[in-house]
Amino acid sequence: MEVVRGQIVQSRRGRDVTKAYVAIGREGTGANERLLLCDGERRTLAAPKRKNRLHLNPTGTLLPEEALETDLKIKMALKAYHKQTGQDQQGG
């Protein structure tokens, strides 16, 4: 499944397993492709996490573009997502 900007994804591998992020972009091509992820707290828009797309589990939730404007808006959107799904906010 193709991941698009604004889509919420969950980590499947690494220390941050089960942690939710918002995809804000991509870098590289082919086997070297990495998604740029933001959670609004530790991983901000200024310093996004780079993660292999094969290590992510995309969700069906897509945030509107205005929710991606600031770290605070991303943080609040992810908090609402966790509340809606009843999942723990912390990863690994």
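For the single chain, residues carry numbers from 1 onward in sequence order.
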Any idea which heavy atoms bring [X] and [Y] closest together, and the distance?
X: R12; Y: V17; value: O-CG2, 3.6 Å
X: D16; Y: Y21; value: OD2-OH, 2.9 Å
X: Q7; Y: T59; value: NE2-O, 2.6 Å
X: I74; Y: C38; value: CD1-SG, 3.7 Å
X: A23; Y: V3; value: CB-CG1, 3.7 Å

I need the [X] [atom1] to [Y] [atom2] distance, nearest 0.5 Å.
X: L35; Y: L54; atom1: CG; atom2: CG; answer: 9.5 Å
X: D39; Y: K75; atom1: CG; atom2: NZ; answer: 9.5 Å
X: R34; Y: H55; atom1: CZ; atom2: NE2; answer: 8.0 Å

**OP:** Taking the side chain as every heavy atom from C-beta outward, state whether R50 and L36 have any atom pair closer than 4.5 Å.
**Re:** yes
Subject >> ILVMFWY network linking L45 to L63, side-chain heavy atoms under 4.5 angstrom >> reply: yes
Original post:
Of V9, V22, I24, which is the lone residue that meets side chain to side chain contact (heavy atoms under 4.5 Å, CB included) with L37?
Top reply: V9
Original post:
Take atom CZ in R42; do more than 12 heavy atoms of anything else shown fall under 6.0 Å from it?
Top reply: no
Original post:
Is the closest basic N to carboxylate O distance between E66 and K73 below 4.0 Å?
Top reply: no
Original post:
Using 4.0 Å as the upper bound for N to carboxylate O, is an ion pair formed by R26 and E2?
Top reply: yes
